[in-house]
Amino acid sequence: MLASLIEEIKAKFIQHVQSHYGYSVSQLIVEQPPKVELGDLAFPFCFELAKYLKRPPRQVATEVASSVGTFPGVAKIQVAGPGYINVFLKRGDFFKQLFQTSHQRPVSATSPAQTKEKIILEHTNINPNKAAHIGHLRNAVLGDTFARLLRCSGESVEVQNYIDDTGVQVADVVVGFKYLEKKNLQAVQAIPGKFDYYCWDLYAKVSSSYEQSLESQELRSDTLKLIEEGHNDTAELAHYISHKIVQCHLDTMWRMGIQYDLLPKESDILHLKFWHYAFALLKKTGAIHFETSGKNQGCWIMRVGEKNSPATKEPVAESGSERDFEEGKIIVRSNGTVTYVGKDIAYQLWKFGLLGMDFFYHPFHRYPNGHTVYMTTSDNNQQSGQAQFGGGQRVYNVIDSRQSYLQNIVIAGLRALGFQEQADKSTHFSYEMVALSPRCCEDLGIQLSEADRQRPYVEVSGRKGLGVKADDLIDILLEKSLQEVRNRHSDLDETEMKRIATTIAVSALRYFLLRYTRNSVIAFDFKEALSFEGETGPYVQYAVVRANNILKKVQEEDSSCSPDSVQLFVQTVGTGAFPDERIEDEFWKLIYLASQLEPNVRLSIQTSEPATLTKYLFALAQAFNLFYHRHRIISEVDPLKKRFLLALTRILRDQLEQGLNLLGITVPAKM
RNA sequence: GCGCCCGUAGCUCAGUUGGAUAGAGCGCUUGCCUCCGGAGCAAGAGGCCGCAAGUUCGAAUCUUGCCGGGCGUACCA
């Protein structure tokens with residue numbers, strides 16, 4: 001809504017400057033004046049123009065402002081400060097429009113034609129050998145939120161959660177069961193309780209046993225080989241473990257409102273020979289080469305220059321000494337096995353539909369909301385359903401920033417194969433890790449070395465079993481919010497209380513993980529994560545609950561304020577009955593802020609930064625709370641003003657609620 | 001060594017493609033329920049935006065150098 005208005009104004013300014021001064025403004029920037037009194041939109045282009053004309057900016061601005069004419073939707077234009085042109089919008093018209101559209105989806109309604117690209121978004125990707133921890137939650141919440149943002153703007157998105165079921169980590173747990181605990185498949189199946197928690201501890205035990213003996217490390221590589229070969233007891237055990245753990249992860253993520261469309265398995269990439277085909281391609285194009293000497297003798301490696309422009313990089317002019325430059329990344333080991341990156345290149349090719357091969361699929365799990373997530377299979381007898389996956393035009397991989405080197409290699413691989421366009425449309429959606437604050441480690445009873453205690457944070461380690469498990473954290477949050485609900489609403493029945501508590505717990509956790517920008521390390525701290533006050537999800541939820549209470553109550557008590565009569569009133573805003581002057585700065589500020597949902601959603605998508613939207617929603621909730629405290633709406637005596645305040649309340653409620661939904665947060669009736 | 005990221009209030013963090021007086025939460029101090037729910041609101045204290053140069057009408061933001069921290073740079077992922 002606002003976007004199209006701004007575009008019109010911009011176009012007119014550009015045209016005006018062009019025809020009057022023969023100057024084309026390179027980039028017409030629009031910003032917001034620091035105060036409402038100064039206007040709604042600020043245009044600083046006169047500084048640039050003044051420089052070109054070699055005249056004082058303020059003088060130029062005055063000239064432009066007085067000669068440019070009028071704009072639809074604009075009340076007046078003013079020159080301010082050293083040479084800004086500030087635009088004041090017609091408040092009534094703007095308000096009316098916002099009211100009519102505020103219940104619609106924030107972006108799609110006014111979006112220009114969408115790209116019609118199919119987007120593949122990969123996230124979560126937890127090794128299926130242990131319980132999920134907070135770091136995994138950050139990944140999944142970021143990915144899920146971004147998927148919601150894309151979908152809301154009309155994009156078609158397929159969410160994939162890659163399962164590394166033939167990796168070393170699964171092998172480690174198999175080693176644990178087979179050799180440390182002497183358990184066969186049957187015994188493993190009989191393990192009671194949370195299986196992912198059991199494996200969490202076992203994985204830590206196995207890891208420490210590796211440090212003690214070399215022979216157990218041999219067990220690992222033998223086991224890995226057996227798993228890759230398949231059709232043996234070990235592979236069967238590994239299969240059971242990884243599938244069972246995947247189900248645990250799906251359950252955990254579902255608690256957070258996160259679901260997937262497809263679970264592609266690494267084993268299927270191997271069994272269906274995706275890799276063989278990709279390998280042949282890579283060899284043919286010379287993207288990789290066979291090392292005949294040196295450290296990496298017998299390996300196939302890919303040379304990658306600095307940054308993400310690898311093969312295209314011109315040979316570096318070496319200065320002076322002959323330093324041994326980039327050795328490249330090993331794609332195929334000397335024993336002939338493929339590294340993870342190699343498989344990832346094949347997977348990425350498949351995502352773009354460049355492999356000319358496909359998986360088979362079968363339904364793996366049906367969510368309570370009816371959605372089915374499929375899993376790949378190599379057995380075409382297992383194929384069921386008509387599901388089609390892959391073949392996207394754009395790919396986002398949500399993977400933490402520690403893997404950016406590997407992600408660059410995957411993209412460089414595409415480039416080396418001549419798939420420039422796909423390489424350009426591959427995005428590593430990277431984010432920094434979640435670490436533990438030293439205080440958090442103390443809370444967990446973890447012994448820290450003196451050196452660690454001095455650090456700002458301690459890295460989570462699955463191998464050491466060092467971390468906060470996702471389910472534990474959700475449980476703690478749930479218990480805490482249930483207690484709060486109990487204190488406030490003892491009249492509700494237990495099921496209802498639990499339902500409310502769940503939305504609050506999810507809200508607190510999702511908001512906590514989203515409020516940090518992606519490249520900020522989160523030093524996890526229980527006190528902050530468990531807070532429901534201040535800049536938190538529950539704070540924003542609460543604002544919506546309050547708004548709903550007002551709207552509900554006024555309908556019960558005052559028949560002259562029905563939705564219809566408010567709607568009728570809004571028609572008269574901006575006319576003699578309720579002129580623009582009655583929309584005071586205080587209210588206008590709120591209206592204008594509420595209209596910023598769509599721009600913020602767009603910006604979040606453009607920059608792949610959900611934190612932008614998250615912060616905006618908090619600011620909007622804050623503004624609402626201020627409004628709430630300063631005005632008694634229900635007892636307002638002026639009937640017109642009362643309706644105006646109600647209409648404003650509805651707008652704010654709608655914008656907040658829609659924004660929260662995009663973050664995966666729902667609003668309870670009470671809280 | 002090389003690559004990427006970070007350094008903003010006591011703490012945790014925002015700060016749109018350079019823009020007007022650098023913001024928020026927490027913590028601290030002091031207030032606010034004759035109430036549409038206090039998971040709230042108001043006020044106050046608290047800043048050489050790591051340091052130094054440069055680019056320009058204008059720099060927390062861009063460039064370079066330095067200082068400090070993190071993560072990569074595995075025949076792990």
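Naming convention: chains lettered A, B, ... in sequence-line order (proteins, then strands); numbering from 1 in each chain.
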- Query: Among pairs that include at least one residue of residues 330-339 of chain A, which meet side-chain hydrogen bond (donor to acceptor under 3.5 Å, both in side chains), considering only residues two or more places apart or in two chains?
  - Reply: Arg333(A)-Thr337(A), Asn335(A)-Thr337(A)
- Taking the P atom of each, how far is C6(B) from C13(B), in whole Å?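 Between the two P atoms, the distance is 13 Å.
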- Task: Report the residue (Arg463(A) or Glu535(A)) whose heavy-atom-nearest nucleotide on RNA chain B is the more 5′ of the two.
- Result: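 Per heavy-atom nearest nucleotide, the more 5' residue is Glu535(A).
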- Query: With nearest nucleotides of RNA chain B determined for Ala523(A) and Lys670(A) from heavy-atom distances, which residue corresponds to the more 5′ nucleotide?
  - Reply: Ala523(A)
- Query: Touch check for Gln622(A), heavy atoms < 4.0 angstrom, all strands: base, sugar-phosphate only, or nothing?
  - Reply: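 Since only primed, P, OP1 and OP2 atoms lie under 4.0 Å of Gln622(A), the category is sugar-phosphate.
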- Look at all strands and tell whether Phe532(A) reaches a base, only sugar-phosphate, or nothing, counting heavy atoms closer than 4.0 Å.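 Since a base atom lies under 4.0 Å of Phe532(A), the category is base.
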- Shortest non-hydrogen contact between Ala61(A) and Ile85(A), atoms and distance: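 It is O-CD1, 3.8 Å.
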- Side chains of Glu266(A) and Tyr340(A): is there a donor and an acceptor less than 3.5 Å apart? no
- Item | Whether over 12 other heavy atoms sit under 6.0 Å from Glu479(A) CD | no
- Query: Does any nucleotide pair with U21(B) by Watson-Crick or G-U wobble geometry, both distances under 3.5 Å, and what is it?
  - Reply: none
- Which one is paired to C71(B), where only Watson-Crick or G-U wobble pairs with both distances under 3.5 angstrom count? G3(B)
Between [N] atom [atom2] and [X] atom [atom1], what is the distance in whole Å?
{"X": "Leu626(A)", "N": "G25(B)", "atom1": "CG", "atom2": "P", "result": "12 Å"}
{"X": "Phe618(A)", "N": "C26(B)", "atom1": "CZ", "atom2": "C1'", "result": "11 Å"}
{"X": "Glu528(A)", "N": "A14(B)", "atom1": "CD", "atom2": "C1'", "result": "14 Å"}
{"X": "Glu636(A)", "N": "C36(B)", "atom1": "CD", "atom2": "P", "result": "13 Å"}

- Among the nucleotides A39(B), A20(B), A14(B), which one has an atom lying closest to any side-chain atom of Arg488(A)? A39(B)
